[in-house]
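Just so it is clear, the model here is predicted, and its values are computed rather than measured.
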Amino acid sequence: MLSGRRLDLLDPSPMDIEIEDIAHGLARVARWNGQTLGEHAFSVAQHCLVVEEIVAHVRPDVPPRWRLAALLHDAPEYVIGDMISPFKAALGVDYRTFEDRLETAIHVRFGLPARTPPEIKALIKQADRACAFFEAIQLAGFSHAEALDFFDAPPAGYSLHIDPQPASVAQARYVHRFNLLSEAAGYSGAVDVAFDTE
C-alpha cells in the first residue's frame, strides 16, 4: 500500500489497514467497470459517500457508528476492486469468504463490530441499491423501467444528481467524512486531509 503497509490478503490484520489507503484505492476504482458517461468515472469512494447519505435519509436516528459502517460498506474494494454482482456470484463462496475476512479486519481497525447487525446490513443494502438506481439511469444508460426492475425505487423524498468527481476530490471527501463520522462515533483515528473540491 502507498502508506507502506503490507496487507496479507489471506489473513488481513487490522493493524495493516489505513483509511488513507482505503480512500486512495476507492477513489480510483470505477463503478460499473468504468462503463459510464462523463469525463470522470463514478468512483466507489463517491458511491460510498452517497450510500451513507441515503442511510441517514432513510433512518435519521441511526447512530454514527452505523453511518460509518455505511461509508465503509465497500471498503474491501480498495484491495479487490469493484466486481459486478454476476461475476461475484460466479466466483462463489470462496470470494465471499475472502471479502468477509477483509471487511472484518476493516471493521475491527476502525472500532466497529466485526459483524454488522442484520437490520443495519439490510438498511445499508437498501441504500446501496437506491444509489445504484440513480447511477444506472444517470450514468450507465438504463431506462427508468430497467433501473426499477434491477434496483427498486429509491426511498421517498430522496433525489440525487450525480456529478462524477476527479479521484483526488473523491478521496479527500471520503477521508473528511470518515473523520467526521469517526469523531461522532467516538473513534479517535482521524487523519489529516487536504480538502479541496477544485
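- When side chains are defined from C-beta on, Arg177 counts as touching Arg67, because their heavy atoms get closer than 4.5 Å.
- In terms of heavy atoms, Trp66 sits closest to Ile124 at O-CD1, 4.3 Å.
- Checked by atom type and distance alone, the side chain of Glu77 never pairs as donor or acceptor with a backbone atom of Val44 at under 3.5 Å.
- Side-chain atoms of Arg65 and Phe110, non-hydrogen and from C-beta on, never get closer than 4.5 Å to each other.
- Contact check for Gln138 versus His161: side-chain heavy atoms found under the 4.5 Å cut-off.
- The closest donor-acceptor contact from the side chain of Arg129 to the backbone of Phe150 lies under 3.5 Å.
- Counting heavy atoms from C-beta outward, Ile17 and Val108 have side chains that stay 4.5 Å or more apart.
- Summarising the local packing, CD of Glu39 is surrounded by 12 or fewer heavy atoms from other residues, nucleotides or ligands at distances under 6.0 Å.
- Judged as a side-chain contact (heavy atoms from CB on, under 4.5 Å), and not counting sequence neighbours, the contacts of Ser13 are Met15, Asp16.
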Determine whether Tyr174 and Ile22 satisfy the following criterion, side chain to side chain contact (heavy atoms under 4.5 Å, CB included), listing intermediate values before the conclusion.
CA-CA 9 Å; Tyr174 189 93; Ile22 292 173; 4.0 Å; yes
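- When hydrophobic clusters are built by joining Ile, Leu, Val, Met, Phe, Trp and Tyr residues whose side-chain heavy atoms come closer than 4.5 Å, directly or via intermediates, Ile137 is grouped together with Phe151.
- Of all heavy-atom pairs between Ala75 and Ile106, the closest is CB-CD1, 3.7 Å.
- Across all non-hydrogen atoms, the minimal contact from His40 to Pro166 is NE2-CG, 3.6 Å.
- Closest approach of Ser43 to Ala27, counting heavy atoms only: CB-O, 3.5 Å.
- A donor-acceptor distance shorter than 3.5 angstrom exists from the side chain of Tyr187 to the backbone of Arg109, with no hydrogens or angles considered.
- Ring orientation note: the planes of His73 and His47 are tilted relative to one another, at an angle of 30° to 60°.
- Counting all heavy atoms, side chain and backbone alike, Ala132 lies closest to Trp32 at O-CZ2, 3.8 Å.
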Are Ile120 and Val62 close enough, and set up right, to give a side chain to side chain contact (heavy atoms under 4.5 Å, CB included), and what steps lead you there?
CA-CA 9 Å; Ile120 299 299; Val62 71; 4.3 Å; yes
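- No donor-acceptor pair closer than 3.5 Å links the side chain of Arg101 to the backbone N or O of Thr97.
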For residues 139-149, tabulate all N or O donor-acceptor pairs below 3.5 Å that involve a side-chain atom, not counting sequence neighbours.
from: Ser143; atom 1: OG; to: Glu146; atom 2: N; distance (Å): 3.1
from: Ser143; atom 1: OG; to: Glu146; atom 2: OE1; distance (Å): 3.4
from: Glu146; atom 1: OE1; to: Ser143; atom 2: N; distance (Å): 2.8

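- Side-chain contact between Arg173 and Gln165: present, with at least one pair of heavy atoms (C-beta onward) separated by less than 4.5 Å.
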Would Glu20 and Leu2 count as a side chain to side chain contact (heavy atoms under 4.5 Å, CB included) if you check the C-alpha gap in whole Å, the side-chain angles of each, and the deciding distance to 0.1 Å?
CA-CA 9 Å; Glu20 299 94 330; Leu2 284 178; over 6 Å; no
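- Every residue meeting the ring-ring contact (aromatic ring centres under 6.0 Å, His included) condition with His57, not counting sequence neighbours, appears here in chain and number order: Tyr158.
- Note on Met1: it clusters hydrophobically with Ile19, by side-chain heavy-atom contacts below 4.5 Å among ILVMFWY residues.
- The only option from Ile54, Val51, Val50 that meets the side-chain contact (heavy atoms from CB on, under 4.5 Å) definition with Asp128 turns out to be Val51.
- Partner Gln171 forms a side chain to side chain donor-acceptor pair (under 3.5 Å) with one of Arg28, Gln46, His176 and no other, that one being Arg28.
- Contact record, Val55 with Ala127: CG2-CB, 3.6 Å, taken as the closest heavy-atom pair.
- Between Lys121 and Glu103 there is a salt bridge, since at least one side-chain N of the basic residue sits less than 4.0 Å from a carboxylate O of the acidic one.
- You'll find the side chain of Ile80 stays beyond 4.5 Å of the side chain of Val29, heavy atoms only.
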Step-by-step side chain to side chain contact (heavy atoms under 4.5 Å, CB included) determination, His107 to Thr116:
CA-CA 9 Å; His107 279 206; Thr116 304; 3.0 Å; yes
